[in-house]
Amino acid sequence: MTGPKQPVAARSDRGGPDGPRVRAVRRGVPVPLLVPGLLAMAFLLVPLLALLVRAPWRSLPSQLTSTEVWQALQLSLVSATAATAVALVLGVPLAWLLARAEFPGRGLVRALVTLPLVLPPVVGGVALLLALGRNGVVGQWLDAWFGITLPFTTAGVVIAEAFVAMPFLVISVEGTLRAADPRYEEAATTLGASRFTAFRRVTLPLIAPGIAAGAVLAWARALGEFGATITFAGNFPGRTQTMPLAVYLALQNDPEAAIALSLILLAVSVAVLAGLRDRWMTGA
């Protein structure tokens with residue numbers, strides 16, 4: 001007599017989807033990929049570990065409570081939050097236009113909108129000076145008509161940070177809008193809702209996760225901005241000196257204060273990644 005047929009799960013050694021052969025292939029790592037991968041991991045992690053190892057932990061509380069550090073921290077948090085608010089107010093409508101509206105040159109507009117992502121920040125600061133400076137294309141009229149001067153002010157810090165951070169929000173929201181089903185908006189408009197009401201009552205709740213992710217990225221980018229800020233707003237303690245600028249200045253005079261500020265920025269970056277882990281990261 002022949003025994004009962006072997007269950008399908010028990011025959012997985014013949015090459016089934018969960019068989020040992022497939023598991024071995026999944027677990028096996030080719031040496032030509034393993035070695036560069038480990039080197040890349042070390043290249044990225046060793047500097048961060050060195051920052052933690054060399055941190056002045058004993059004097060860290062006094063460093064963080066010093067007037068200069070506290071002013072830079074407070075200004076950075078306020079300006080990054082204000083820049084994110086500007087990015088939300090202007091970037092979400094822009095993302096909707098890029099995702100939903102049809103107009104000539106939309107691809108070119110999208111490329112120009114995302115240009116600050118790859119543009120050197122210092123170049124962005126120079127561009128802001130030429131546009132919004134006292135003798136700039138727009139700034140001269142702001143100064144003549146309203147007496148508004150943006151460069152080398154706290155408002156200039158917010159403008160510089162919003163300029164480099166807004167593309168992160170726009171890309172995130174536009175991608176979420178393209179993934180959302182536009183038929184919900186169309187159904188709302190056929191029931192009598194205006195386009196803006198459909199956007200406010202239907203679209204915004206659908207894309208809220210994308211807006212939140214984009215806002216977090218924009219806030220983190222604004223917090224770490226250096227080049228455009230120092231070029232357009234300068235480096236005046238208490239007025240335009242943010243944490244990255246304070247790190248640069250302290251590195252020359254007080255390395256322990258520079259390390260303390262760097263630890264704060266590192267902690268913020270880790271917190272941002274932790275907040276976005278459910279959206280961008282998947283477990284093994």
Side-chain angles (χ1 to χ4, degrees), residues 63-91 94 112-170 215 217-255 257-265 268-269:
Q63 291 288 344
L64 295 180
T65 55
S66 65
T67 303
E68 295 79 7
V69 172
W70 177 249
Q71 286 180 345
L73 174 60
Q74 187 178 21
L75 179 61
S76 294
L77 295 177
V78 171
S79 60
T81 303
T84 304
V86 172
L88 283 169
V89 172
L90 302 179
L94 176 58
L112 294 176
V113 166
T114 57
L115 189 60
L117 290 174
V118 296
L119 194 69
V122 175
V123 177
V126 173
L128 288 173
L129 275 176
L130 296 178
L132 301 176
R134 181 168 295 180
N135 297 319
V137 176
V138 178
Q140 60 180 334
W141 304 112
L142 291 176
D143 186 24
W145 293 350
F146 307 103
I148 297 176
T149 302
L150 293 175
F152 310 109
T153 63
T154 304
V157 175
V158 175
I159 295 298
E161 292 179 351
F163 177 77
V164 299
M166 189 183 300
F168 289 88
L169 176 74
V170 173
L217 283 176
W219 187 84
R221 180 64 184 89
L223 188 69
E225 167 53 31
F226 176 84
T229 302
I230 196 172
T231 306
F232 182 65
N235 186 17
F236 301 102
R239 188 171 65 180
T240 65
Q241 187 180 88
T242 58
M243 283 199 294
L245 274 63
V247 170
Y248 176 76
L249 184 64
L251 193 60
Q252 305 174 26
N253 304 320
D254 190 356
I259 296 175
L261 284 170
S262 300
L263 287 175
I264 296 177
L265 293 175
V268 170
S269 301

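What you see is a predicted model, and the numbers here were worked out from it, not measured in a lab. Sequential numbering from 1 along the given sequence is applied to the chain's residues.
Smallest separation of non-hydrogen atoms from Pro167 and Leu117: CB-CG, 3.7 Å. The shortest non-hydrogen separation linking Pro151 to Gly133 is CG-CA, 3.6 Å. In plain terms, the two heavy atoms of Ser76 and Pro244 that are nearest each other are OG-CD, 4.4 Å. Across all non-hydrogen atoms, the minimal contact from Ala250 to Ala258 is CB-N, 3.8 Å. Residues Phe163 and Pro116 come closest through the heavy atom pair O-CB, 3.6 Å. Scanning all heavy atoms of the two residues, the minimum distance from Phe232 to Leu150 falls at CZ-CB, 4.0 Å.
For the pair Val170/Thr114, no side-chain contact is recorded, criterion being any heavy-atom separation below 4.5 Å from C-beta on. Residues Thr242 and Glu225 have side chains not in contact (no heavy-atom distance under 4.5 Å, counting atoms from C-beta outward). Proximity of Thr153 to Arg239: side-chain heavy atoms (C-beta onward) are nowhere separated by under 4.5 Å. Side-chain contact between Trp141 and Ile148 is absent, with no heavy-atom pair separated by less than 4.5 Å.
With hydrogens and angles disregarded, no donor-acceptor distance shorter than 3.5 Å links the side chain of Gln71 to the backbone of Leu73. A donor-acceptor distance shorter than 3.5 angstrom exists from the side chain of Thr240 to the backbone of Ala233, with no hydrogens or angles considered. Remark: side-chain polar atoms of Gln241 are not paired, donor with acceptor, to backbone N or O of Ala72 under 3.5 angstrom.
With values rounded to the nearest 0.5 angstrom, Leu88 atom CG is found 9.0 Å from Met166 atom CE. In this structure, the separation between CZ on Phe152 and OG1 on Thr231 is 9.0 Å, given to the nearest 0.5 Å. Distance check, rounded to the nearest 0.5 Å: CG of Leu77 to CG of Leu223 gives 6.5 Å. Within the model, atoms CG of Leu265 and CE of Met243 stand 4.5 Å from one another, a figure rounded to the nearest 0.5 Å. With rounding to the nearest 0.5 angstrom, the CD atom of Glu161 is 9.5 Å from the OG1 atom of Thr81. Of the inter-residue distances, the one linking Thr84 atom OG1 with Leu169 atom CG reads 8.5 Å to the nearest 0.5 angstrom.
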